[in-house]
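Reviewing the structure listed below.
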There are 2 protein chains.
Amino acid sequence: MKPKKPAVALPPPVRRSLHRSLAQDIGARILNGEFAPGTLLPNEAEWCESFGVSRTAVREAIKMLMAKGLILSRPKIGSRVQPRSQWNLLDRDVLAWYCAAANPVHFLVHMQQVREILEPETAALAAANRTPEQLAEIEAAFRQMAEAKSLSAWNAADVRFHQAILLAAGNELLVPLGLVIESALGSMFAYTASQRGDIGRTLPGHRKILLAIRNRKPESARLAVRALLRDTGRIVRLVAAARKGPAARRPIAVP
Amino acid sequence: MKPKKPAVALPPPVRRSLHRSLAQDIGARILNGEFAPGTLLPNEAEWCESFGVSRTAVREAIKMLMAKGLILSRPKIGSRVQPRSQWNLLDRDVLAWYCAAANPVHFLVHMQQVREILEPETAALAAANRTPEQLAEIEAAFRQMAEAKSLSAWNAADVRFHQAILLAAGNELLVPLGLVIESALGSMFAYTASQRGDIGRTLPGHRKILLAIRNRKPESARLAVRALLRDTGRIVRLVAAARKGPAARRPIAVP
DNA sequence: AATCTTCGTTTGTATGATAAATAATACAAC
DNA sequence: GTTGTATTATTTATCATACAAACGAAGATT
């Protein structure tokens, strides 16, 4: 009679609240170009009607998009899409929307550029400033990577490895940057890891980085990271070359 | 006499609405350490009482802080301050709060590190990829800088110069990064420009950058920017050395 | 013509009521 | 006693409504 509560039948624990879903929807459509910068969005009442929700929910979604710099709303004017320069593109959500809307190859190329700029220097700083505890964490991540059997396990370890280096660099501003990049790369999973071929191929490259940081050799850390990124860069260029063409705008599959 | 309506009125006369002020207040107190990560914030009703505002305003402020990754609120739990790793430190507001709360010298040192990593490469990319229009904008900014009489005029031109280079680099991800850095540097005005001594002293350094970009010489652009940053770096180190001590935590003056 | 007034539209704020989520507790079953 | 389940209480989430404030635009006034 009492319908036994199914222990855990809900596969999606991401039961996003309403305002989050609305923000997600509207935000994605802005990044998507459906609402270009300078455009006046529909007013609150129209959103309410089109979504079938109350004004409160709509307003809270609007506030979130405001907080991300996507829109600016004022009485009597309405909500206007801000110029792109105001967008908080480095916000996790915004970046995800962008990355889903933009040409994925184009995005990947730019991402690779940023990595090539940041990561060698991050590793060099880590080599210079790491504490013993931070080194231990990097080594633990490396071991986890070496023991990884599945692709996803390897990827998790890889992320841990890079984050540990990031933290060891000891620069509070570099950390969120790195996190953003890695989160975005996670969304591009299909374009990076899965194309990378066999799992442990880059393990020696990672070992070199670890050794350089352990031995406090900034310059060799820099070189080791550059070498590793050359590998990634080759793949990126391959993908870019392969997908030059009309199909390039296909939305990417987010795993 | 009658002040004719200036063609384009002040865009944001900082007439912050209530929810924005609340978000500002609470956000600053989080960054400030008053509410540490993991802490449970007062609930809505208590905020209402302490601020003397309605629940609507409080809730909208909370939503904005949620959008910036500072807090996470759920029914029956309340609003909990997220771990720092979730914070969108690269958000303009969050960075401003952080920069007002943190040790300014410490902050400046990290900022300088990031600049030394990013800006030379940005300039190199600009030298490689600039379009004629982008070059024209850079040159215009340079002229404006050369003609600047006042400190604030010089600073505005300086910002324009760097932003133009940023845009010319042609990397969509680099742009918001640079904007964030410059906006943060703007807040640290007192620590950078005003200490820099006479206005046009770095003009020759800027000219070298301009020439390198005009002549499409990435490597010399890189070197020129590094040279310029060495100058800034010296000042940063000076300030850092001078302010080592108990007074170092004094909040900075935002111009 | 220039300025002031009025008006309508849209967001901002307030208030009260109901729904949903869940930690904590009390309770039942074994 | 231990385990699992039902209840409760508290907090946010959502809805509905009303009014205030900002402001553009049109119209009235000088």
Side-chain angles (χ1 to χ4, degrees), chain A residues 1-26 35 38-67 70-82, chain B residues 1-26 35 38-67 70-82:
Chain A
M1 46 169 65
K2 290 292 186 66
K4 182 75 167 291
K5 185 194 304 188
V8 131
L10 318 174
V14 258
R15 232 180 6 261
R16 267 202 293 278
S17 32
L18 194 40
H19 54 264
R20 281 189 74 83
S21 313
L22 299 187
Q24 159 84 33
D25 186 297
I26 302 176
F35 300 108
T39 307
L40 216 52
L41 294 179
N43 63 24
E44 291 175 358
E46 294 175 61
W47 286 124
C48 293
E49 195 175 356
S50 68
F51 285 121
V53 299
S54 79
R55 230 186 112 205
T56 308
V58 168
R59 282 187 58 75
E60 294 185 345
I62 296 281
K63 289 296 161 297
M64 298 216 278
L65 297 177
M66 259 170 97
L70 291 187
I71 62 184
L72 177 69
S73 73
R74 305 174 65 185
K76 166 67 184 177
I77 308 292
S79 296
R80 191 177 293 280
V81 180
Q82 292 266 63
Chain B
M1 167 111 15
K2 288 299 184 66
K4 182 72 172 293
K5 187 200 305 193
V8 172
L10 342 165
V14 210
R15 203 189 38 256
R16 268 201 287 277
S17 31
L18 194 38
H19 54 263
R20 280 188 74 82
S21 313
L22 299 187
Q24 159 85 34
D25 186 295
I26 302 176
F35 301 108
T39 307
L40 217 53
L41 295 178
N43 64 22
E44 291 177 359
E46 294 176 63
W47 285 124
C48 293
E49 196 175 355
S50 68
F51 284 121
V53 300
S54 77
R55 264 182 52 227
T56 309
V58 169
R59 283 187 58 75
E60 293 184 348
I62 296 282
K63 289 295 163 299
M64 298 214 278
L65 297 177
M66 259 170 95
L70 291 188
I71 62 183
L72 178 68
S73 75
R74 305 174 65 187
K76 165 68 184 180
I77 307 293
S79 296
R80 190 176 294 280
V81 179
Q82 293 265 65

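Note that the structure is predicted; figures quoted are calculated from it, not measured. A note on names: the letters A, B, ... follow the listed sequences, proteins ahead of strands, and every chain is numbered from 1.
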| Which distance, rounded to the nearest 0.5 Å, do you find between the NE2 of A:His19 and the NZ of A:Lys63? | 12.5 Å
| query | What are the two closest non-hydrogen atoms of B:Ala23 and B:Ala61, and how far apart are they? | reply | N-CB, 3.6 Å
Between [atom2] on [N] and [atom1] on [X], what's the gap in Å once rounded to a whole number?
X       : N      : atom1 : atom2 : value
B:Glu46 : D:dT10 : CD    : C1'   : 12 Å
B:Leu72 : C:dA21 : CG    : P     : 15 Å
A:Leu40 : C:dT9  : CG    : P     : 15 Å
B:Met66 : D:dA13 : CE    : C1'   : 10 Å
B:Ile77 : D:dA13 : CD1   : C1'   : 14 Å
A:Leu22 : D:dA13 : CG    : C1'   : 12 Å
B:Glu44 : C:dA21 : CD    : P     : 16 Å
B:Arg80 : D:dT11 : CZ    : P     : 13 Å

| field | Listed partners of A:Arg80 passing side chain to side chain donor-acceptor pair (under 3.5 Å), at least two apart | value | none
| field | Residues in side chain to side chain donor-acceptor pair (under 3.5 Å) contact with A:Glu44, at least two apart in sequence or another chain | value | A:Arg55, A:Arg59
| request: Scan A:Ile62 against the nucleic acid and name what it touches under 4.0 Å (heavy atoms): base, sugar-phosphate only, or nothing. | output: nothing
For [X], enumerate each residue passing the side chain to side chain contact (heavy atoms under 4.5 Å, CB included) test, keeping only those at least two apart in sequence or located in another chain.
X       : value
B:Glu49 : none
A:Ser54 : A:Thr56, A:Ala57
B:Pro75 : none

| remark: the helix from C:dA1-D:dT30 to C:dC30-D:dG1: angle between terminal helix axes, five bp per end, to the nearest 10 degrees, reads 0°
| request: Starting at the 5' end of nucleotides 14-21 of chain D, put B wherever the base has a protein heavy atom under 4.0 Å, S where only the sugar-phosphate does, and a dash everywhere else. | output: BB--B---
| task | Taking the side chain as every heavy atom from C-beta outward, state whether A:Phe35 and A:Ile71 have any pair of such atoms under 4.5 Å apart. | result | no
| message | Would you say that A:Ile26 contacts A:Trp47 through its side chain, given a criterion of any heavy-atom pair below 4.5 Å between the two side chains? | response | yes
| query | Does A:Arg74 place a side-chain N or O at less than 4.0 Å from the phosphate oxygens OP1/OP2 of C:dG12? | reply | no
